[in-house]
Amino acid sequence: MYEKFQVHLQHQLNEIESAGLFKNERILVSAQGPEIRTSAGQEVLNFCANNYLGFSNNPRLIAAAKAALDSHGYGMSSVRFICGTTNLHKELEKSIADFFGTEDTILYAAAFDANGGVFEPLLTDEDAIISDTLNHASIIDGVRLCKAQRFRYSNADMEDLEDQLQQAAPCRYRLIVTDGVFSMDGNVPPLDKIKALADKYDAMIMVDESHSAGVIGKTGRGTTEQFNLRGQIEIITGTLGKAFGGAIGGFTTGKKEIIGMLRQRSRPYLFSNSIPPAVAAAGIEAFKIMTSSTELLDKLHENRSYFVEQMTRIGYKIKPTQSGICAVMLGDAKLSQEVASRLLNEGIYVIGFYFPVVPKGEARIRVQLSAAHTHDQLKKVVAAFEKVGHDLQIL
Ligand SMILES: *Cc1c(COP(=O)(O)O)cnc(C)c1O
């Protein structure tokens, strides 16, 4: 049997490769950070990590993780409800709830699991999920695992959301689901308008704050802070894999009955291992740093503003953004790959995205800023974009 299947897979892999869609992995031999070393011996400036606050290699997080290795060991060898809960897990759950102004939190091995396990325990075929078309793949998969009726609205389009809410009116409960920052554009949905529509049509809201937590809002507490809606959104999901340390782990935080039901019924929580104590301890430290000062958050936004200003000045078009994500629009798919590859020769590591990841004709380079980038590094990335832009005559 395997011989036939092998030919079949090889054929598909070849097709992926000839369509130019094959994903190669670059191997880093240094810690994650603004400057990285690859196994090819190259030193490059890194503008494609979700390392918004520079926590991936933050000494305080590393020290907290090391201390927890000594006090609590390496692994839990258990799911949470058998013997996988330490005081560190409980403390991290409380830190997250305090940070977002919510009632309770449940941890997962990843935000992918948080989203995969949130819908099915809460909603049935009598209910409706109304989801933004640009929501993350893990939300789409989570919705698939649930029997609720599905409604989709165009990205951040409030007219379409209202239409869908009207169509979902006969259902028992309605849940609107949106990302807090959309990963390909860097835009924030109008959560105040979503809330007004939710109130008008008697719906609940879930926001996935994976790219927005630690980044959006005056003190980085996410979109609910930006729109003065702290405590008013029923469900927030998020990751520890981006701004909050970049290691591993996800969470759902919100109303206590919702979290209570997830602890009883959410399958990725019940049937998957507990996060390591060292990760929990570093997470607690991340929230301490975030709560004590906005220095890193302010630096991130300063860096983002500088980058957008300078890139616009030299003639690039950047999608409106309030986050750490800047979409440098190029249009043509091949061009985006050519620009990315020339930037790499200039010592800048960025990734070009094109159809089907983004709409046809909207190919782009996604540049992700970090509080850890220095002014000098930002000047270098702009200068490299300027040189490559002139060489390719696109400016
Ligand atoms: C990155 C991301 C996830 C997945 O997070 P992991 O913790 O890495 O699984 C989920 N949702 C959104 C919106 C994301 O950006």
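Just so you know, ligand 1 is whichever comes first in the structure, and atom 1 is the first atom listed for that ligand. Just so it is clear, the structure is predicted and the values come from calculations on it, not from any experiment.
Closest protein heavy atom to atom 13 (C) of ligand 1: Asp208 OD2, 3.1 Å.
Set against the non-hydrogen atoms of Asp179, the atoms of ligand 1 under 4.0 Å away are 13 (C). If you number the atoms of ligand 1 from 1 as listed, the ones under 4.0 Å from a heavy atom of Asn115 come out as 10 (C), 11 (N). Against a heavy-atom cut-off of under 4.0 Å, Phe112 is close to the following atoms of ligand 1: 4 (C), 6 (P), 9 (O). The Thr239 neighbourhood of ligand 1 comprises atoms 5 (O), 6 (P), 7 (O), with distances under 4.0 Å to a heavy atom of that residue. Listed by number with element, the atoms of ligand 1 under 4.0 angstrom from any heavy atom of Ser210 are 2 (C), 3 (C), 10 (C), 11 (N), 12 (C), 13 (C), 14 (C), 15 (O).
Hydrophobic clustering keeps Ile351 apart from Leu21 (ILVMFWY residues linked when any side-chain heavy atoms are closer than 4.5 Å, directly or through intermediates). Hydrophobic clustering, with ILVMFWY side chains joined whenever heavy atoms are under 4.5 angstrom apart, groups Ile289 together with Leu300.
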The test is salt bridge (Lys or Arg N to Asp or Glu O under 4.0 Å); show your working for Glu285 and Arg60 and say whether it passes. CA-CA 7 Å; Glu285 194 63 22; Arg60 282 181 60 181; 2.9 Å; yes
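The part of Ser138 lying near ligand 1 is the side chain, judged by heavy-atom distances below 4.0 Å. When non-hydrogen atoms are compared, ligand 1 lies under 4.0 Å from neither the backbone nor the side chain of Asn50.
Using a 4.5 Å cut-off on side-chain heavy atoms (C-beta onward), Leu122 and Tyr173 make no contact.
In this structure, Phe182 has its ring center no closer than 6.0 Å to that of His211. Ring centers of His373 and Phe47: under 6.0 Å apart, within the cut-off.
Other residues, nucleotides and ligands place no more than 12 heavy atoms under 6.0 Å from the CD atom of Glu295.
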Acceptor/donor pairs from residues 242-253 side chains to any protein atom, 3.5 angstrom cut, sequence neighbours excluded:
unit_1 : atom_1 : unit_2 : atom_2 : d
Thr253 : OG1    : Thr102 : OG1    : 2.5
Thr253 : OG1    : Asp104 : O      : 3.0
Thr253 : OG1    : Thr105 : OG1    : 2.9

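At least one N/O-N/O distance between Ala111 and ligand 1 falls below 3.5 Å. Remark: ligand 1 and Gly241 share no N or O pair separated by less than 3.5 Å (distance only, no angle test).
Of the listed residues (Lys242, Glu209, His211), the one carrying the non-hydrogen atom nearest atom 2 (C) of ligand 1 is Lys242.
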